[in-house]
Amino acid sequence: MARDVQFTFDCADPAKLAAFWAEALGYRVQGPPPGFDSWEQALTAMGVPPERHNDASAVVDPDGAGPRVFFQRVPEPKRVKNRVHLDVRAAPGLAEEARMAALEAAADRLVSHGATRLERHEPAPPLDAGHIVMADPEGNEFCLD
């Protein structure tokens, strides 16, 4: 039986990283619980002090099909390369020049939202269709493929 999964990022600024990944994945920032117009309103009602309001955030697939991505504040900065990363499928069904052009367009869009471009890997048939390695605003590596 398949299990439902959630991906969790440790980070310094959950709200900022959630906004970035919502853009990168075509997700939306998860809304507050029913009965509240904002997370600030909900957290205040729950007795969470204002300095803890950005301790966590999450993004969800608007269609409900993809996994939830959760962001939790941690005190230490990122120090080394990720051992696990996300591949963002930015050029489904495309090949060769059209694929790489779509990946370049996605990379440019995400750079405008705070990502950093790290390296481009050219297509090397038959196994590698080409991809672009990126980092989110806190340095977490991901690939556009």
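- To the nearest 0.5 Å, atom CG of residue N140 and atom CZ of residue F20 are 9.5 Å apart.
- Between atom CZ of residue R28 and atom CG of residue D63 there is a gap of 10.0 Å, rounded to the nearest 0.5 Å.
- Closest approach of N54 to D13, counting heavy atoms only: ND2-OD1, 2.8 Å.
- Both F71 and F7 belong to a common hydrophobic cluster when Ile, Leu, Val, Met, Phe, Trp and Tyr are linked at side-chain heavy-atom distances under 4.5 angstrom.
- A continuous path of Ile, Leu, Val, Met, Phe, Trp and Tyr side chains, each step under 4.5 Å between heavy atoms, connects L25 with V5, placing both in one hydrophobic cluster.
- Think of V48 as one node in a network of Ile, Leu, Val, Met, Phe, Trp and Tyr side chains linked at under 4.5 Å; its network also takes in W39, L43, M46.
- A donor-acceptor pair is defined here as one N or O able to donate and one able to accept, closer than 3.5 Å; such a pair exists between the side chain of E141 and the backbone of N82.
- Listed here is the closest heavy atom pair of R117 and M134: CA-SD, 3.7 Å.
- Separation of atoms CZ (R99) and CG (D145) is listed at 5.5 Å; rounding is to 0.5 Å.
- A donor-acceptor contact shorter than 3.5 Å links the side chain of K78 to the backbone of V80.
- Rounding to the nearest 0.5 Å gives a distance of 11.0 Å between CZ of R89 and CG of L103.
- Contact check on K16 versus E138 returns no salt bridge, with no Lys/Arg side-chain nitrogen under 4.0 Å from an Asp/Glu carboxylate oxygen.
- When the shell of 6.0 Å around CD of E97 is examined, it contains 12 or fewer heavy atoms from other residues, nucleotides or ligands.
- For the pair L86 and W21, the minimum side-chain heavy-atom distance is below 4.5 Å.
- D55 and Q72 are not linked by any side-chain donor-acceptor pair at a separation below 3.5 angstrom, with hydrogens and angles left out of the test.
- Panel note: side chain R120, backbone E104; no donor-acceptor pair is recorded below 3.5 Å.
- Under the 4.5 Å side-chain criterion, counting only non-hydrogen atoms from C-beta, T44 is in contact with H53.
- To the nearest 0.5 Å, atom CE of residue M100 and atom CD1 of residue I132 are 5.0 Å apart.
- Nearest approach of Q41 to F36, heavy atoms of both residues: OE1-CA, 3.1 Å.
- Between L17 and S57, the closest side-chain pair of non-hydrogen atoms is not below 4.5 Å.
- Within the model, atoms NE2 of H131 and CD of E119 stand 7.0 Å from one another, a figure rounded to the nearest 0.5 Å.
- Of all heavy-atom pairs between V88 and F142, the closest is CG2-CD1, 4.0 Å.
- Closest approach of A22 and V59 over heavy atoms only: CB-CG1, 3.8 Å.
- Across all non-hydrogen atoms, the minimal contact from F9 to D136 is CE2-OD2, 4.0 Å.
- One N or O on the side chain of Y27 and one on the backbone of P67 form a donor-acceptor pair closer than 3.5 Å.
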